[in-house]
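To keep things clear, I will list the structure first and then write my remarks on it.
Labels below follow one simple rule: chain letters A, B, ... track the order of the sequence lines, proteins then strands, and each chain is numbered from 1.
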Amino acid sequence: MYQFIYDLTGNMIISTLVVAVFPLVNVLLVALIGVYLERKVSAWMQDRVGPNRTGPYGLFQTVADFVKMMQKEDAVSNEVDKKLYNIAPVLVFAGSFAAYAAIPFSSKLIGSEAEVGIFYVIAISSLVVAGILMAGWSSNNKYSLLGAMRSAAQIVSYEIPTALVVLSMVMLTGTLSLSKMSEMQTAYFWNWNIFGGAAFALNKFLLIPFMLVGFIIVFISTLAEVNRTPFDIPEAESELVAGYFTEYCGMKWAMFMLSEYGNMFAVSAIVSILFFGGYQSPIGYLGNTIGATWLIPYEQAFWFVAKGWFFILVQMWLRWTLPRLRVDQLMAVCWKYLIPYAFLNLIIIGIISLL
Amino acid sequence: MSLKTETMVLNMGPQHPSTHGVLRLELEIEGELVLSVKPHLGYLHRCFEKHSEAMQYNQVVPYTDRLDYLASIGNNLGYAIAAEKLLGIQVPERVEYIRVIMAELQRIASHMVALGSNGADIGALTPFLYLFRDREHILSIIEETCGARMLYNYIWIGGLSHDIHPDFVRKTKEFVNYFKPTIVELDNLLSYNKIFIERTANIGVLPVDTAINFGASGPTLRGSGIKFDLRRDDPYSIYDRFDFDIPVGKGLQGTVGDCWDRYYVRVREMEQSLRIIEQAIDHIPEGDVKAAIPKRIKPPKGTAYARVENPRGDLGYFIISDGNTNPFRVKVRAPSFVNLEILGELCKGHLVADIIAILGSIDIVLGEVDR
Amino acid sequence: MMNAEEIYNLLKEKFGEAVIGLEKENPTEPIITASPLQIHKISEFLRDNDQLKFDSLMCLSGVDDANGEKIKEEDGSEIIKGGTLSVYYHLHSVSLKHKITLKVSAPREEPKVESVENVWKCADWHEREAFDLVGIVFLNHPDLRRILMPYDWDEFSEEISRHPLRKDYKNPEFYQGMKIPY
Amino acid sequence: MGLLDKEFSEGNIVITNVDDLLNWARLSSIWQLGFGLACCAIEMMATSMSHYDFDRFGVIPRNTPRQADAIIISGTVTLKMAIRIKRLYEQMPDPKYIISMGSCANCGGPYWEHGYHVLKGIDRVIPVDVYVPGCPPRPEALLEGLLKLQDKIRNESLRKKSA
């Protein structure tokens with residue numbers, strides 16, 4: 001993408017900026033639509049209507065929320081640790097925003113085609129933990145502190161099963177690059193990794209059950225990493241009031257919100273790249289059929305976004321159906337079940353891929 | 001060398017999403033582990049007892065509504081029975097039937113809020129909304145008869161404020177038929193949800209003897225496995241004519257007397273209430289809805305203690321009369337007030353998240369705790 | 001199952017002077033009166049005796065009897081001197097299903113009653129409430145604080161407006177700068 | 001006189017339109033403090049539930065005062081609680097609004113005469129924007145109160161207040 005814009009403008013700064021702004025716009029859009037959808041989806045699930053007074057079908061509800069939040073007073077208690085308090089939301093947002101750099105939206109639309117894409121995403125999204133801990137500590141509020149502690153424990157723990165599953169996928173595909181991984185699962189949906197990958201051999205059928213297990217593990221643990229129900233204990237509304245952002249108001253709080261929805265999309269994207277073909281279409285490209293190859297990147301972007309939103313909807317569906325776990329049960333799920341199974345899965349996939 | 005650790009005091013409430021109103025809990029915690037819980041009450045102390053001394057007997061009824069505002073009919077009923085005991089009057093048969101039906105409808109409505117908020121505290125928000133949606137059916141049935149949605153002022157000393165609406169019987173039957181499958185839905189959605197069971201089973205176990213010594217009553221007591229229900233053990237009104245079971249906690253998912261048992265007793269009680277309504281609704285006799293009592297009620301000197309089985313437990317009214325038109329003293333034995341006392345005992349050694357589950361399963365109404 | 005008279009006789013036999021009498025003229029329920037400073041051992045007996053087994057305290061109510069001398073103040077308000085404050089205990093046996101009411105009266109100027117908190121746990125808060133609203137002091141109570149009224153109520157009110165359920169209670173004008181009367 | 005100096009003393013097209021936009025945003029997303037006091041709290045909850053659905057107007061409960069725009073004082077305010085409510089109000093960031101719901105919060109309600117521990121009206125402690133009468137008000141009445149609050153916000157302005 002950078003190259004494309006550089007060719008177009010011939011200016012390095014402009015093209016860098018455009019490339020950087022694109023994910024930002026995406027994050028904002030995701031949050032804007034995400035919050036609206038969350039309210040609408042929960043309303044539909046709960047026999048309600050949801051927002052419908054602000055614009056047609058309440059479409060501008062989130063816009064109103066953001067404009068309102070921008071004009072809220074920035075009330076800061078005297079007791080907070082000012083520096084950390086102000087850095088924390090920025091850091092959290094930066095963490096989730098930076099992950100977008102390596103996520104391929106289509107074969108052309110990609111910030112950085114880094115060879116170590118998946119490694120980078122996992123590493124950079126850990127930055128969020130630091131931000132959350134800062135927020136919890138600096139707020140000088142006991143609920144924030146408890147929320148931050150829970151969150152740190154949770155995110156750090158759940159990164160292990162995620163990483164293990166990612167490792168097995170890396171073993172299988174032989175690359176760390178997200179775009180190469182997507183590229184491998186080309187053409188039709190039976191070539192997706194969840195169906196054993198593109199190579200047609202005995203391996204493919206042997207792999208399917210273990211791919212399913214891997215997908216379930218990675219889906220559960222990413223759910224926990226973005227603090228969604230049933231793993232939303234860091235901000236557990238009924239216990240900790242609002243968790244680590246109890247003391248934040250206005251735009252600072254909005255940044256936490258942005259990063260939450262940004263993260264939701266990011267992990268959905270990772271899951272779809274690992275198992276569901278990334279930006280590849282499940283049914284072939286219209287561009288190929290009618291002979292207009294320029295159409296393909298746009299189609300790919302469409303499929304990618306569609307897959308991302310599908311997983312976000314699944315997350316919302318779970319959120320409004322399930323109760324939440326307790327903090328020790330959450331840890332037990334991770335250390336007693338997910339990690340051993342992920343290890344086993346890793347070994348088995350390793351053996352199969354040797355066959 | 002040992003590391004010096006300090007415990008932390010966490011103040012939960014009076015503004016906290018799951019203290020069910022304005023209860024304040026002072027938790028002493030070590031990490032997430034709760035060492036002790038100290039409830040502070042009185043944030044909703046509305047001076048009921050002072051008001052009842054300043055009002056005439058029949059004027060106290062609206063104030064009783066506001067004690068346990070989720071089960072107003074039950075409060076009215078208790079007060080009316082105590083006053084009638086003092087006056088020594090018998091109410092007409094029709095009144096008794098309508099009172100029972102109303103009280104049972106109210107019990108279902110109250111349990112709906114209790115179960116829903118217990119679920120919501122644990123994180124399952126959707127069943128809460130479903131239950132509130134179904135509660136509206138009951139509210140509209142009662143509203144048609146007595147004109148208010150929540151605080152009815154319906155059961156008066158010696159009778160009722162109005163006769164039932166002509167549509168009452170039909171709508172109640174419709175509701176009973178509508179609600180039976182909804183209980184099954186609730187069971188599927190929440191009661192047998194694996195995560196819900198994990199969160200509530202074996203948490204906050206209340207042994208029977210502790211429960212009795214602490215004076216617990218209602219589903220909190222029955223969850224501990226003892227079959228004690230005033231409707232059966234000390235029958236008032238005409239409850240002895242109906243056939244119903246008393247659900248008790250059996251420890252189906254864990255230990256007898258845990259949060260899940262208390263929750264489950266409430267679900268099953270809703271079914272039993274439907275049974276009572278079904279038995280009563282077709283047999284409401286014709287007649288008057290007011291006993292012949294003078295406009296100015298002036299009971300003889302003396303005391304009366306009456307208790308009824310409210311959704312939250314054993315609600316008692318102790319009235320002292322000095323022969324005047326105002327009660328000399330009215331003391332309410334509020335079930336939530338007594339049940340809440342167990343909280344400190346139940347919460348020891350649990351995690352912060354469990355406190356919420358336990359508090360939800362005790363099901364308190366602050367209006368009644370503080371009066 | 002025993003009726004009030006049998007229970008009274010049993011208690012009288014056991015405790016003698018500490019049990020004062022049986023009020024039977026009451027229209028609905030007979031009341032056994034007892035001495036306020038002996039109520040603890042009577043309660044223990046009531047709970048532990050095999051014939052009685054009163055394992056549950058239904059209700060404990062503090063009452064201002066207002067049977068003293070009423071003195072008119074200059075500003076028209078009334079204060080009461082002398083007389084008694086009473087505590088009513090409503091007991092119930094879950095296993096034997098019988099009920100009884102006890103009553104103790106203590107002088108208004110020095111209302112001291114033994115606590116039954118360690119006999120029935122639920123008496124704890126009930127006694128705190130009676131202390132808070134009526135001003136009865138329960139001896140040997142482990143934690144006798146106000147329960148419903150604010151803890152600092154005493155600082156903002158005069159002697160006469162300490163315990164709101166006394167019959168001569170006078171509401172203070174202000175509490176922490178907030179005007180109380182309508 | 002520069003353009004900007006003028007804007008804040010008297011109305012012009014720019015400031016009026018900004019006003020409209022900001023007011024529109026404020027009134028369409030009034031987040032209430034998730035906080036119930038007494039009987040009215042149940043009606044307030046019923047208002048946010050399926051049947052009446054507060055969310056239609058963009059009202060959602062936030063549990064921390066820092067993120068809330070409005071408090072609905074739903075029920076009897078006792079002396080003990082009034083101090084806490086005042087603190088909650090002070091913790092909220094501007095602009096903030098108060099809906100006083102029910103007779104008790106308006107004026108003490110049925111407890112006005114003998115309520116020795118009841119504050120006779122929340123307006124003795126914090127300023128109130130909209131009073132909703134009723135004991136308890138029906139959910140429809142609370143919705144009406146919200147619409148009244150929205151009307152009030154609609155007429156606010158960045159300009160200096162004339163009075």
Side-chain angles (χ1 to χ4, degrees), chain B residues 11 13-22 24 40-55 59 62-63 65-70 72 109-110 113 116-117 120 125-126 128-137 139-140 143 148-151 153 365-368 370-371, chain D residues 33-53 55 61-65 68 71 73-85 87-89 91-92 102-104 108-119 134-141:
Chain B
N11 197 18
Q15 185 263 330
H16 187 278
S18 46
T19 49
H20 295 235
V22 288
R24 180 176 146 220
H40 295 268
L41 321 176
Y43 292 93
L44 192 56
H45 177 46
R46 300 195 277 195
C47 334
F48 168 76
E49 288 163 13
K50 191 81 182 170
H51 279 93
S52 52
E53 285 170 22
M55 302 282 162
Q59 290 173 328
Y63 287 95
D65 273 334
R66 285 156 183 79
L67 290 174
D68 180 351
Y69 37 78
L70 286 174
S72 311
S110 166
V113 179
S117 51
L125 215 55
T126 305
F128 189 32
L129 278 97
Y130 285 173
L131 285 167
F132 253 81
R133 177 196 64 194
D134 296 336
R135 183 172 168 266
E136 293 289 334
H137 292 269
L139 295 191
S140 64
E143 187 187 358
R149 271 170 56 87
M150 255 182 72
L151 310 174
N153 185 14
V365 166
L366 260 297
E368 195 181 48
D370 294 341
R371 282 155 289 150
Chain D
L33 182 61
F35 156 64
L37 279 169
C39 331
C40 294
I42 306 295
E43 286 298 65
M44 187 180 80
M45 274 152 74
T47 317
S48 8
M49 297 294 160
S50 315
H51 216 82
Y52 296 96
D53 194 12
D55 199 14
R62 291 299 313 171
N63 294 323
T64 146
I71 315 186
I73 305 290
S74 53
T76 316
V77 185
T78 58
L79 298 177
K80 216 172 174 179
M81 197 62 205
I83 307 161
R84 274 79 181 176
I85 289 179
R87 183 178 296 178
L88 283 173
Y89 176 75
Q91 279 174 344
M92 280 167 59
S103 307
C104 295
Y111 303 97
W112 70 274
E113 197 178 0
H114 303 287
Y116 53 83
H117 188 232
V118 176
L119 187 75
C135 188
R138 297 177 59 89
E140 289 93 333

Problem - Where at least one partner belongs to residues 36-51 of chain D, residue pairs that pass salt bridge (Lys or Arg N to Asp or Glu O under 4.0 Å), sequence neighbours excluded - result: B:R149-D:E43

Completion exercise
Ranking D:M81, D:H114, D:E113, D:M45 by heavy-atom pairs under 4.5 Å to chain B gives rank one to D:H114

Problem - Spacing of CE belonging to D:M49 relative to CZ belonging to B:R135, to within rounding of 0.5 Å - result: 9.5 Å

Problem - Pairing residues for B:D65 by the salt bridge (charged side-chain N to carboxylate O under 4.0 Å, His left out) criterion, not counting sequence neighbours - result: none

Exercise for the section: Kindly state whether the ring of B:H45 and the ring of D:Y111 have centres lying under 6.0 angstrom apart. Expected result: no

Handout entry: Close aromatic pair by centroid cut-off 6.0 Å: D:H51 and B:F132
Key = no

Handout entry: Any donor-acceptor pair under 3.5 Å from B:Q15 side chain to D:N63 backbone
Key = yes

Problem - Short side-chain to backbone donor-acceptor contact, B:Y63 and D:P110, under 3.5 Å - result: yes

Exercise for the section: Tell me, out of B:R66, B:K50, B:E53, who's got the most heavy-atom pairs with chain D below 4.5 Å. Expected result: B:R66

Problem - B:L366 versus chain D, the contacting section by heavy-atom distance below 4.5 Å - result: neither

Problem - Selection from D:A46, D:A38, D:G115, D:S50 maximising heavy-atom pairs under 4.5 Å formed with chain B - result: D:A38

Exercise for the section: Identify which of B:R24, B:M150, B:R133, B:R46 forms the greatest number of heavy-atom pairs closer than 4.5 Å to chain D. Expected result: B:R46

Exercise for the section: Would you name the heavy atoms of D:G36 and B:V22 that are closest together and state the gap between them? Expected result: O-CG1, 3.7 Å

Problem - Region of D:L33 in contact with chain B, defined by heavy-atom distances below 4.5 Å - result: side chain

Practice task
Check whether B:L125 gets within reach of chain D through its side chain, its backbone, both or neither, counting any heavy atom under 4.5 Å.
Solution key: neither

Problem - Per-residue contact mode, B:E49 against chain D (heavy atom under 4.5 angstrom) - result: neither

Handout entry: Segment of D:L37 engaging chain B (4.5 angstrom heavy-atom cut-off)
Key = both

Practice task
Going by the side chain to side chain contact (heavy atoms under 4.5 Å, CB included) test, name the single residue among B:V365, B:L151, B:L67 that passes it with D:C39.
Solution key: B:L151

